[in-house]
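For reference, the structure discussed in these notes is given below.
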Amino acid sequence: MAEMNKEVLQVVESVSNEKGVSEAVIFEAIEVALAMATKRRYRADAEFAVDIDRQSGNYETFRRWLVIDPERELDEDAQLAVDMDLSPPRNPDAELTPEEAKEKDPGLNVGDYYSVPVESVEFGRIAAQTAKQVIVQKVREAERAQVIGMFESRVGQLVSGTIKKTGRDNVIVDLGNNAEAILNRENLIPRDTFRIGDRVRALLKEIRPEVRGPQLILTRTTPQVLIELFKIEVPEIAEDVIEIRAAARDPGSRAKIAVKTNDGRIDAVGACVGMRGSRVQAVSGELAGEKIDVVLWDDDPAQLAISAMSPADVKSIFKDEENHTMDIAVEEENLAQAIGRGGQNVRLASELTGWNLRVMDIDAAARKQEEELLGYVNEFMTALSVDEDVATLLVEEGFTTIEEVAYVPIEELTSIDGFDREIVDELRSRARDALLTRELAGGTQGTPAQDLLDMDGMDQALALELAAGGIITMEDLAELSIADLLEINENVGEKRAAELIMTARLPWFADDEDGNSDG
């Protein structure tokens, strides 16, 4: 057993206090350094371990062998070295097979170490230099771990710091406690100008692993930055009395947020704007003068779109659910304001609502709507074989697709002036035939045939679900087993499934009876 210089114990204590790293980490670094020094004295392929008494500073050195599985898979680098004859498949100077290990100690298993004590090297100049390098590395690793520990829970939140360095491609921000972050050029607002020592707020976007240590990546351009700043300036948002439902930004130029209150007594927009605009101005000032529109959230997408188009005055709006678009009509003199410079206003409104908004003047909107309505009329005239008056009446009542005519509740059709039950039944029958013809022409499935819809025990919802699964006709249903039907809809139940299949098979038995009587 060798005795360590007492001064080294003092170094351990001082380094630990200065760098904020535990003494255990420093001791481990010295143990690694001594093991490396021992390895240089003996064999390069041998492995050594050093154990330091944390109280006295005395230490022991052991040569050790790892018990390995000879059939183990090597990692990619090790296998490459073996393939190139740069290293043997195993290292006999540091590894033992299970059979070799049993000869030395029957209690050893794969993964255990077999150790023998050897003479320790002195903690001399070389060992001290190696220890210093290892200690520095350990300190850096510990500091990196501390940085990750401090900030990994703050990803997606605002952080504050001072500008430490400015460069062409990025800005280095000092966050304190030996933590630095990077603001890359693409994450800066175009009008951002910083000098060393300036204070800055940014959102912690991610912690990116790097060889030199984890990099804290900041951003000032995402909509979340806007939301987090409003949480600071508007207490009602932090207290969940007001909720920001959506946000859209053109960083440094213009932004829109949609807010909603959970307390009917509070004006959500007014609370976010603040007295004489103080709150919204504070957020704007933090974002290089970005102009911010605060609008009231509405669950109705059309009403939200009208608000989002502010300051433009929307005269009418036409919503296309299928294509997820809305046509916004404004007065011709307000068209430029509604679109905004470079399309900015309508683009931000589209991002805020999640719909594709198209702006046009009133005359153009009227012409477009008239063309679309005429298209619906022509489709009904062709598919349903009705005259223009009937087709126009359907469109005026809000019908735009053949599917709606085929499957809406009968009451919606019979409530139309001039439509009695006979006319409605005929229209529905023609609509379903048209859909079936369309599906067959397209080579696809998905619309139930009339015999399946009219079958005893069948309902429309189940028929549609069967059709979606490729069961279009009664004949298709008749060929199913109970298990097949339950696989399509398990809620049917075995009893009803059996009844439906037997009903679908009734024509088979009728055919058999006809065949027997003919015989």
Side-chain angles (χ1 to χ4, degrees), residues 298-306 314-329 353-360 362-455 458-468 472-473:
D298 199 297
D299 292 329
D300 177 8
Q303 187 57 52
L304 176 60
I306 292 172
V314 176
K315 293 301 181 183
S316 67
I317 189 166
F318 182 76
K319 184 168 62 173
D320 182 351
E321 294 274 4
E322 184 176 351
N323 296 312
H324 210 61
T325 62
M326 295 188 206
D327 291 335
I328 308 290
T353 60
W355 286 68
N356 180 22
L357 305 183
R358 298 181 296 198
V359 178
M360 59 193 70
I362 293 176
D363 292 339
R367 287 194 301 271
K368 186 174 186 298
Q369 188 169 359
E370 186 177 344
E371 290 172 1
E372 289 181 347
L373 294 178
L374 183 60
Y376 298 144
V377 169
N378 291 333
E379 183 180 7
F380 285 151
M381 290 173 64
T382 302
L384 303 179
S385 299
V386 297
D387 59 28
E388 186 176 353
D389 291 339
V390 174
T392 302
L393 189 55
L394 284 169
V395 173
E396 289 175 348
E397 291 293 328
F399 291 86
T400 57
T401 65
I402 304 299
E403 286 83 358
E404 290 175 340
V405 177
Y407 297 119
V408 297
I410 292 178
E411 294 75 17
E412 291 191 28
L413 285 165
T414 56
S415 64
I416 299 174
D417 189 27
F419 280 22
D420 58 21
R421 181 59 184 264
E422 184 179 353
I423 292 175
V424 168
D425 287 343
E426 180 63 25
L427 285 174
R428 288 165 66 86
S429 177
R430 293 182 184 183
R432 289 169 177 169
D433 287 344
L435 289 173
L436 181 58
T437 301
R438 182 193 298 171
E439 293 295 336
L440 292 175
T444 59
Q445 298 174 325
T447 303
Q450 193 62 46
D451 65 343
L452 185 68
L453 286 164
D454 294 339
M455 193 185 85
M458 182 61 62
D459 59 63
Q460 179 177 310
L462 180 57
L464 290 171
E465 190 169 358
L466 289 171
I472 306 296
T473 65

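Along the sequence shown, the residues carry numbers beginning at 1.
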Query raised in the report: More than 12 foreign heavy atoms under 6.0 Å from CD of Glu388: is that the case here?
Result: no

Query raised in the report: Under the salt bridge (charged side-chain N to carboxylate O under 4.0 Å, His left out) criterion, do Asp363 and Arg367 qualify, and how do the steps go?
Result: CA-CA 6 Å; Asp363 292 339; Arg367 287 194 301 271; 5.2 Å; no

Query - Residues which pass salt bridge (charged side-chain N to carboxylate O under 4.0 Å, His left out) with Asp420, listed by chain and number, not counting sequence neighbours - result: none

**Report entry** Beyond-backbone contact of Arg421 with Ile410, side-chain heavy atoms, under 4.5 angstrom
**Finding:** yes

Requested in this report: Without swapping roles, check the side chain of Ser429 against the backbone of Asp425 for a donor-acceptor pair under 3.5 Å.
Outcome: no

Report summary line: Output for pair (Met458 CE, Asp454 CG), nearest 0.5 Å, gives 10.5 Å

Query - CD on Gln450 to CZ on Arg428, rounded to 0.5 Å - result: 9.0 Å

Query raised in the report: Would you call Lys319 and Asp300 a side-chain contact if the rule is heavy atoms closer than 4.5 Å?
Result: yes

Query raised in the report: To the nearest 0.5 Å, what is the distance between CE (Met381) and CG (Leu394)?
Result: 12.0 Å

Query raised in the report: Atom OG1 of Thr414 and atom CD1 of Ile423: how far apart are they, to the nearest 0.5 Å?
Result: 11.0 Å

Report task. Compare all side-chain heavy atoms of Val390 with those of Leu384 and state whether any distance is below 4.5 angstrom. Result -> no

Query raised in the report: So how far is it from Thr401 OG1 to Glu379 CD, rounded to the nearest 0.5 Å?
Result: 7.5 Å

**Report entry** Ile402 vs Phe380 side-chain heavy atoms within contact, under 4.5 Å
**Finding:** yes

Side chains of residues 353-360: which donor-acceptor pairs under 3.5 Å do they make with residues two or more places apart or in other chains?
unit_1, atom_1, unit_2, atom_2, d
Thr353, OG1, Ala349, O, 3.0
Thr353, OG1, Ser350, O, 3.3
Thr353, OG1, Trp355, N, 3.2
Arg358, NE, Asp327, OD1, 2.9
Arg358, NH2, Asp327, OD1, 3.1

Query raised in the report: Is the shortest heavy-atom distance from the side chain of Val395 to the side chain of Leu374 under 4.5 Å?
Result: no

Report task. Answer yes or no: is there a side-chain heavy-atom contact under 4.5 Å between Leu427 and Phe399? Result -> no

Query raised in the report: Between CG of Asp417 and CD of Glu396, what distance do you get to the nearest 0.5 Å?
Result: 11.5 Å

Requested in this report: Find out whether Leu373 and Glu370 are in side-chain contact, i.e. whether some heavy atom of one side chain is under 4.5 Å from a heavy atom of the other.
Outcome: no

